[in-house]
Q: 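Can you keep this structure in mind? I'll have questions shortly.
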Amino acid sequence: MSPNINLALELLPLQLWNTLYMVFTSTFFAVLIGLPIGVILTITDKGHIKENPGLYKALEFIVNVGRSFPFAILLVALIPFTRWLVGTSLGTSASIVPLTIAAIPFVARLIEMSLKEVDPHILEAAIVMGSTPWQIIKKVLLQEALPSILSAVTLTLVNLIGYSAMAGLVGGGGLGQVAIQYGYHRFNTFIMGATVILLILLVQGVQWVGNRAVQSILKKRGKRP
């Protein structure tokens, strides 16, 4: 067996796991924080159940600023905060911090868009029936928008796979670090190619699972995917 294949078998399984760990953990925390922000953006917008122009504009400004930050700059800017929070700015656990912060405004905006796609007639019917704001959020907005929300989570996962590769530039671990450290710096085209193929397969796998989940929900509701 060639040295390149041995090196790939030694490095890639562990770093694939590290990438999965970074991406899924970051997505979990981004959704945990971004979902409530998206809900608040929706219900405080003009004409919605808890209209509040001041709060909406303040949150919208924060989300827009967060989305406008290039990830490479955010990655470096957050090094002191990451070091304070987890004790180091290197490694897979440290990478979760900038990945999560980068994804939160992205998730919040996608959730807002998903919730605003809910049929206003369904919303009006819930209001007429005397539903409380919490009941409308939980039983109308989130349930009706669930397929779209799942699509948003899938898109977030795909984007974070790309961001995790970029985190390898500053010692973030994962497949990105393998591609840079062994593929680029050591001019090893085999390792570089193997890493790229793994990343492509990972993206395709996540997208396939996400699409299947959305189709399953739509099928249960009697709608065409």
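Hydrogens, waters and symmetry mates are skipped; everything else that's a heavy atom, side chains included, is used.
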Q: By side chain to side chain donor-acceptor pair (under 3.5 Å), which residues pair with S114, not counting sequence neighbours?
A: S148

Q: Once you round to the nearest 0.5 Å, how far does OG1 of T156 lie from CD1 of I149?
A: 11.5 Å

Q: Which pairs pass salt bridge (Lys or Arg N to Asp or Glu O under 4.0 Å) with one or both residues in residues 77-102, sequence neighbours excluded?
A: none

Q: For the atom pair CD1 (I217) and CG (L150), what is the distance rounded to the nearest 0.5 Å?
A: 4.5 Å

Q: Applying salt bridge (Lys or Arg N to Asp or Glu O under 4.0 Å), which residue pairs with at least one partner in residues 49-65 are found, sequence neighbours left out?
A: none

Q: Just grab all the ring pair (Phe, Tyr, Trp, His ring centres under 6.0 Å) pairs involving residues 19-40, residues at least two apart or on different chains.
A: none

Q: Spell out, yes or no, whether L110 and I43 are grouped together once hydrophobic residues are joined by side-chain heavy atoms under 4.5 Å, including indirect joins.
A: no

Q: Show me the donor-acceptor pairs within less than 3.5 Å that the side chains of residues 31-39 make with the rest of the protein, sequence neighbours left out.
A:
none

Q: Is any side-chain heavy atom of V86 closer than 4.5 Å to a side-chain heavy atom of S93?
A: no

Q: Let me see the working for F106 and L155 under side-chain contact (heavy atoms from CB on, under 4.5 Å), right down to the final yes or no.
A: CA-CA 10 Å; F106 182 74; L155 182 58; 3.8 Å; yes

Q: Do you know the tightest heavy-atom contact between V118 and L141?
A: CG2-O, 3.8 Å

Q: For the residue pair V63 and A108, what are the closest heavy atoms and their distance?
A: CG2-CB, 4.3 Å

Q: Will you find, in the side chains of Q215 and N211, an N or O donor that is under 3.5 Å from an N or O acceptor?
A: no

Q: Considering only heavy atoms from C-beta outward, does the side chain of L20 approach that of L202 to under 4.5 Å?
A: yes

Q: Please find the pair of heavy atoms, one from L41 and one from T44, that lie closest to each other, and give the distance.
A: O-OG1, 3.7 Å

Q: Do the side chain of S164 and the main chain of I161 share a donor and acceptor less than 3.5 angstrom apart?
A: yes

Q: Is the closest side-chain heavy-atom distance between N18 and L175 below 4.5 Å?
A: no

Q: Residues two or more places apart in sequence or in another chain: which of them pass side-chain contact (heavy atoms from CB on, under 4.5 Å) with I62?
A: none

Q: State plainly whether one hydrophobic cluster holds both V203 and L199, where clusters connect Ile, Leu, Val, Met, Phe, Trp and Tyr through side-chain heavy atoms under 4.5 angstrom apart.
A: yes

Q: With N52, which residues qualify under side chain to side chain donor-acceptor pair (under 3.5 Å), at least two apart?
A: none

Q: Taking transitive links into account, so neighbours of neighbours count too, which hydrophobic residues share a cluster with L201 at under 4.5 Å side-chain distance?
A: I197

Q: Nearest heavy-atom pair of I104 and A30: which atoms, and what distance?
A: CG1-CA, 3.9 Å

Q: Between P98 and L74, which heavy-atom pair has the shortest distance, and what is it?
A: O-CD2, 4.1 Å

Q: Q15 vs L198, test: side-chain contact (heavy atoms from CB on, under 4.5 Å). Steps then yes/no.
A: CA-CA 11 Å; Q15 297 307 330; L198 267 180; over 6 Å; no

Q: List the atom of V214, the atom of P147, and the distance in Å for their closest heavy-atom pair.
A: CG2-O, 3.5 Å

Q: Quick one: does V23's side chain get under 4.5 Å of L99's, heavy atoms only?
A: no

Q: Judged by atom type as modelled, is there a donor-acceptor pair below 3.5 Å linking the side chain of T25 to the main-chain atoms of M22?
A: no

Q: Is there side-chain contact between L142 and L115, with at least one heavy-atom pair below 4.5 Å?
A: yes

Q: What residues, two or more places apart in sequence or in another chain, satisfy salt bridge (charged side-chain N to carboxylate O under 4.0 Å, His left out) together with K116?
A: D45, E112

Q: Is there side-chain contact between L123 and E144, with heavy atoms separated by less than 4.5 Å?
A: no

Q: List, one per line, each side-chain donor-acceptor pair under 3.5 Å for residues 125-140, sequence neighbours excluded.
A:
unit_1 : atom_1 : unit_2 : atom_2 : d
S131   : OG     : A126   : O      : 3.1
T132   : OG1    : Q135   : N      : 3.2
T132   : OG1    : Q135   : OE1    : 3.4
Q135   : OE1    : T132   : N      : 2.9

Q: Can you tell me which residue pairs pass the ring pair (Phe, Tyr, Trp, His ring centres under 6.0 Å) test with a partner in residues 61-99, sequence neighbours excluded?
A: F71-Y163, F81-W84

Q: Apart from W208 itself, what residues make up its hydrophobic cluster when side-chain heavy atoms of I, L, V, M, F, W and Y under 4.5 Å apart count as a link, directly or indirectly?
A: V209

